[in-house]
Amino acid sequence: MQVNHAFVPSNPQRGQSGRFVLDADLSSSAKCPQCLIDLPSNEAVLEHLQQENGCWPEVQDHHIPVPPAFLRSTKEAGKDDILGCYHPSSGYIFGKAPNILEAMESDQFAYRRCHTPFYPFQDQAEFELGKFLCERLTQSDIDRFLKLEWVRQAKPSFSSKDQLLAWMASLPTEPKWCSTTLEITGYPTIQPIQLIWCNGLDVVEDLFANPIFANHMTYDPHVVVDGDEREYSEYFTAKQAFEIQDQLPKGATIVPVIIASDKTPVTRHTGGLKMHPIFVSLANIQSDVTAVAGKFMPDSSGHLQHCYTPLAAYTADLPEQQAIACVSKVASPIMLATSQSFGDSYRYAPRTKEHTLSVIYDICQCIDPWRLREFQEEAKAHSLSGVHQPFWRNWRFTDPARFLTGEILHACHKFFFDHPFKWSKELMKQMTGREHRDLQRTLVPSIAGVAPPQFIHAIHALIDFIYKAQNPVYTDTSVDSMVGSLKEFHDHKQAILDAGARRGTKGTIDNFLIPKLELLQSFAVFTKDIGALIQWTADVTERLLITHCKLPFDRTSRQSRTFTEQIVDILNREESMRRFQLYLFLRMHNAPLTNAIVTEEQEITETDPALAWIAHIAPGDPNQRCFVGPRPVRNHFLKGILSSTATTAFHVTIAPDRAKMSINEVQQLYVLPDFGQALSDYIAKASNGQPLASWSSGHGRVKTWNKFWLQLHSVFHSWLIMPSQVIQAAPPSQTFPLGNCDAVVAQSIHGDWTVNIVTQVRAIFQPIPPRHGTLPHYLADKPLIYVQYYEIVGHPHDEPTISMYVVAQQYHDGPDGQRMRLGAVIPLTDVTHAVELIPMYGAGADRTVGAATSMELYEHFYLNNFSDKEIRLALVTFLS
């Protein structure tokens with residue numbers, strides 16, 4: 001099926017009908033949404049609907065969000081190179097039911113809000129005051145604030161913190177947070193273990209029915225084919241979604257659960273208080289926003305769907321993965337590998353759910369699992385931890401070998417700094433702080449000439465693997481390429497041991513028995529099974545530890561006796577306030593409580609779906625300031641300067657850094673003696689040799705800027721607008737004695753050929769028109785830049801251990817025979833990409849040369865293909 005990119009039609013059997021009436025219990029009675037007869041279960045409803053001449057709803061097309069894999073930029077709409085098809089029997093609609101905002105209309109105080117929308121508060125200002133106090137102050141601070149004389153004169157409706165908190169508690173919200181003290185008979189603890197929890201299925205239903213995500217939801221497994229190859233990106237494009245869907249009843253919807261957990265200390269110096277939160281999300285929600293029996297649940301648009309909830313991914317660090325998989329510290333959580341085989345270059349058989357449960361069962365036949373010490377000792381002999389009832393044992397479609405995904409933050413980045421970083425440091429004894437921060441992207445060219453070639457080759461291959469593991473989109477070919485990089489590392493890793501670079505506290509280590517290294521073997525399988533691994537990164541978990549653990553703790557009294565109850569109240573209150581605020585905003589603008597599906601082609605700059613929704617409803621409303629979220633990417637494609645192909649946008653400030661300069665002043669300030677001649681050459685070429693009476697380089701004036709902004713679309717998702725990059729072109733200063741000038745790739749047209757060349761931007765300027773005259777378009781339409789050229793003197797295949805382009809500054813003989821860098825004036829819009837150049841330091845870097853002068857004092861550079869994930873793919877294209 002070819003996909004229509006403006007509107008992806010829903011599955012043929014999707015339709016709308018009356019509301020389903022269902023009890024909460026999955027096995028309780030239910031009613032047919034059409035004839036309303038009572039049936040014993042949801043499964044019986046499905047059988048009834050599918051009978052010949054049954055009550056299956058009439059087919060009515062409705063809009064659903066276009067999956068990210070099928071989105072295109074407005075410039076590419078209509079191209080036919082991406083094809084796809086949905087699973088034939090997924091995601092049917094069985095009726096209507098309220099989403100979470102519509103459900104607020106039936107709250108116990110909804111009738112009061114018909115006349116007083118902000119009830120129990122008087123108006124919006126009073127609600128915002130109460131919300132601010134609850135979010136920012138402790139309870140004792142709220143009391144002190146309300147006792148201020150100025151506040152007493154203002155006479156807010158609430159007069160005490162107890163009254164304010166009670167009002168906030170009365171706001172509608174679901175699901176509710178609760179707390180329970182865990183006690184195990186015969187195993188007392190020094191401090192009570194407090195469990196703060198929500199009903200997991202309630203959380204899943206709440207997320208699934210949240211209209212904020214309406215334009216970011218996916219309900220159907222779909223195969224995406226780009227050219228001749230299948231694509232793997234979001235969960236629903238990968239193999240597991242299709243495998244599960246094939247086993248579900250006709251019309252069922254997969255609601256894949258994502259879990260993440262980590263532990264964090266919440267007391268800074270004393271007390272030793274730790275929290276171990278578990279965060280839940282859904283793989284239906286697109287990652288750029290990142291049940292045994294089925295259950296009927298309303299989706300974000302209020303359509304009732306028959307849902308199943310497999311555990312798609314569990315994000316955790318290695319020790320926690322081992323605990324979840326019920327294995328000991330010497331075993332892999334996902335493979336049948338143990339510590340003595342962690343350095344092997346091949347992938348072991350998976351540690352499946354059936355295997356682990358079978359071993360646990362066999363041990364239970366010999367030893368009572370509640371005889372903990374004996375049972376644990378026997379379990380450790382089988383590389384197990386001693387847990388005999390793992391939470392996933394009866395969870396259908398859930399297997400640790402599949403849901404304990406390869407995780408980028410711990411398995412790649414932290415692994416890198418724990419191992420490859422230290423190996424390289426053994427050979428480079430002096431490393432600056434900046435090198436520590438930027439090491440992953442600058443390490444390979446930095447150790448060139450210092451480390452043995454095979455050592456460099458191994459490090460390069462491993463970094464190459466880490467970068468490829470972060471791609472948001474894959475094909476079979478790119479997955480194979482990732483596997484090939486890991487194989488390259490294993491083929492050359494002996495050089496690291498030969499150099500004595502792998503060391504521990506007791507000296508040199510002669511093996512690679514590293515647990516995280518073994519995990520990398522499964523990345524390719526995970527990518528095809530559940531989609532790109534970047535969508536499961538623990539970076540999100542790290543942020544949530546701050547917002548949902550540490551910050552709430554700061555607003556408690558910090559007394560262990562009441563801490564748990566306070567945290568529960570804070571979490572419930574915050575969710576109530578956020579939801580109530582959005583509900584009121586929509587009601588005040590007479591907007592529907594369902595988020596309309598956007599069907600036209602669009603380019604994405606918003607990163608927060610709630611902010612995108614309210615901006616669409618009321619684009620100029622100052623009350624948008626009440627909603628906090630990531631700032632959207634500024635879209636220079638709307639009002640900026642565009643390249644001739646409209647694929648690149650540029651921006652300079654309205655006010656230049658220097659408003660009026662002569663050509664001679666520019667030459668002196670920027671130390672560019674040939675600037676005037678280069679500008680004259682540009683004018684002669686652009687005018688076809690015609691003399692220009694209104695302006696000349698001898699008498700004309702220009703304005704100059706120190707920098708411009710360059711913006712591109714993602715090379716992985718053409719509809720996604722990337723944050724703009726700043727390109728510096730500042731003249732010499734005290735901080736940068738030779739100037740601060742960045743490198744770019746620019747296009748040079750020679751007849752029918754377009755050549756991409758590497759240049760350094762040395763000046764950004766635009767001629768100023770005479771007082772009573774105008775300038776020709778090639779001077780007036782857009783700024784110009786003076787660049788100095790590099791030539792490519794080495795290709796990646798010339799030195800495969802480093803595998804980077806090598807460029808050298810280009811020179812020519814000046815008027816007096818002196819050696820000068822070759823430069824020219826070109827339009828700003830000739831620039832296509834920003835690039836990073838790293839000097840070829842050789843066997844020993846010149847310590848007198850720093851970051852502020854290296855671009856000028858070195859002549860040969862590596863074109864760094866590790867500068868970011870986007871440029872890696874672009875470099876292959878525009879320099880090949």
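Here the side chains of Asp830 and Ser748 are not in contact, with every heavy-atom distance at 4.5 Å or above. Side-chain contact between Leu520 and Phe415: present, with at least one pair of heavy atoms (C-beta onward) separated by less than 4.5 Å. You'll find the side chain of Thr527 reaches within 4.5 Å of the side chain of Leu533, heavy atoms only. Under the 4.5 Å side-chain criterion, counting only non-hydrogen atoms from C-beta, Met840 is not in contact with Pro445. Contact annotation: the side chain of Ile757 never approaches that of Val745 to less than 4.5 Å [non-hydrogen atoms, C-beta and beyond]. Under the 4.5 Å side-chain criterion, counting only non-hydrogen atoms from C-beta, Trp709 is not in contact with Val652. At a threshold of 4.5 Å between non-hydrogen side-chain atoms, the residues Met804 and Pro796 do not count as touching. Using a 4.5 Å heavy-atom threshold, the side chains of Phe455 and Ser424 count as touching.
The closest side-chain donor-acceptor pair between Tyr789 and Glu791, if any, does not fall under 3.5 angstrom. In this structure, a donor-acceptor pair under 3.5 Å is present between the side chains of Lys468 and Ser485. Between the side chains of Gln454 and Thr801, no donor-acceptor pair of N or O atoms lies under 3.5 Å. A donor-acceptor contact under 3.5 angstrom links the side chains of Thr647 and Thr645, judged on distance only. Donor-acceptor pairing under 3.5 Å is recorded for the side chains of Tyr232 and Asp476. Checked by atom type, the side-chain pair Gln667/Gln677 shows no donor-acceptor distance below 3.5 Å. For the residue pair Thr648 / Gln711, no side-chain donor-acceptor distance below 3.5 Å is found, with atom types taken as modelled.
Between Ile721 atom CD1 and His713 atom NE2 the span is 4.5 Å, to the nearest 0.5 Å. Interatomic distance, CG of Leu784 versus CD1 of Ile764, reported as 11.0 Å (0.5 Å rounding). Expressed to the nearest 0.5 Å, how far CE of Met855 lies from CD of Gln728 amounts to 12.0 Å. Note that CG of Leu710 is 11.0 Å distant from CG of Asp742, once rounded to the nearest 0.5 Å. One finds the CG atom of Leu672 at 8.5 Å from the CE atom of Met820 (value rounded to the nearest 0.5 Å). For the atom pair CD1 (Ile838) and CG (Leu443), the distance works out to 9.5 Å, reported to the nearest 0.5 Å.
Exactly one of Arg821, His860, Gln810 qualifies for a side-chain contact (heavy atoms from CB on, under 4.5 Å) with Tyr790. That residue is Arg821.
Closest of all the heavy-atom pairs between Thr237 and Arg230 is O-NH2, 3.1 Å. When every heavy atom of Ile663 is checked against every heavy atom of Gly676, the shortest pair comes out as CG2-CA, 3.6 Å. The nearest pair of heavy atoms linking Ile456 to Gly449 is CD1-N, 4.2 Å. When all heavy atoms of Val666 and Val702 are compared, the closest pair comes out as CG2-CG2, 3.7 Å. Taking all atoms of both residues into account, the shortest heavy-atom contact from Tyr670 to Ala729 is CE2-O, 3.8 Å. Listed here is the closest heavy atom pair of Ala469 and Phe523: CB-CD2, 3.7 Å.
Figure legend: Arg762 and Tyr786 shown without cation-pi pairing, the cationic atom not lying both under 6.0 angstrom from the six-membered ring centre and within 45 degrees of its axis. Cation-pi geometry between Arg658 and Phe765 is not satisfied (NZ or CZ under 6.0 Å from the ring centre, within 45° of the ring normal).
Here Phe866 and Tyr467 bring their ring centres to under 6.0 angstrom of each other. Ring centroids of His457 and Phe489 are separated by 6.0 Å or more, keeping the two rings apart. Checked against the 6.0 Å centroid criterion, the rings of Tyr805 and Tyr862 do not qualify as a close aromatic pair. For His651 and Phe708, the ring centers sit 6.0 Å or farther from each other.
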Note to self: Run Glu870 and Gln725 through side-chain hydrogen bond (donor to acceptor under 3.5 Å, both in side chains) and show every step you take.
What the structure shows: CA-CA 12 Å; Glu870 293 281 326; Gln725 298 171 281; over 6 Å; no
Next item on the list: Report the C-alpha separation of Lys660 and Glu665 in whole Å, then their side-chain angles, then the decisive distance to 0.1 Å, and conclude whether the salt bridge (charged side-chain N to carboxylate O under 4.0 Å, His left out) test is met.
Entry: CA-CA 10 Å; Lys660 192 174 184 180; Glu665 289 172 333; over 6 Å; no
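Using modelled atom types, one side-chain atom of Asp798 and one backbone atom of His795 make a donor-acceptor pair closer than 3.5 Å.
A 6.0 Å sphere centred on NE2 of His797 holds more than 12 heavy atoms belonging to other residues, nucleotides or ligands.
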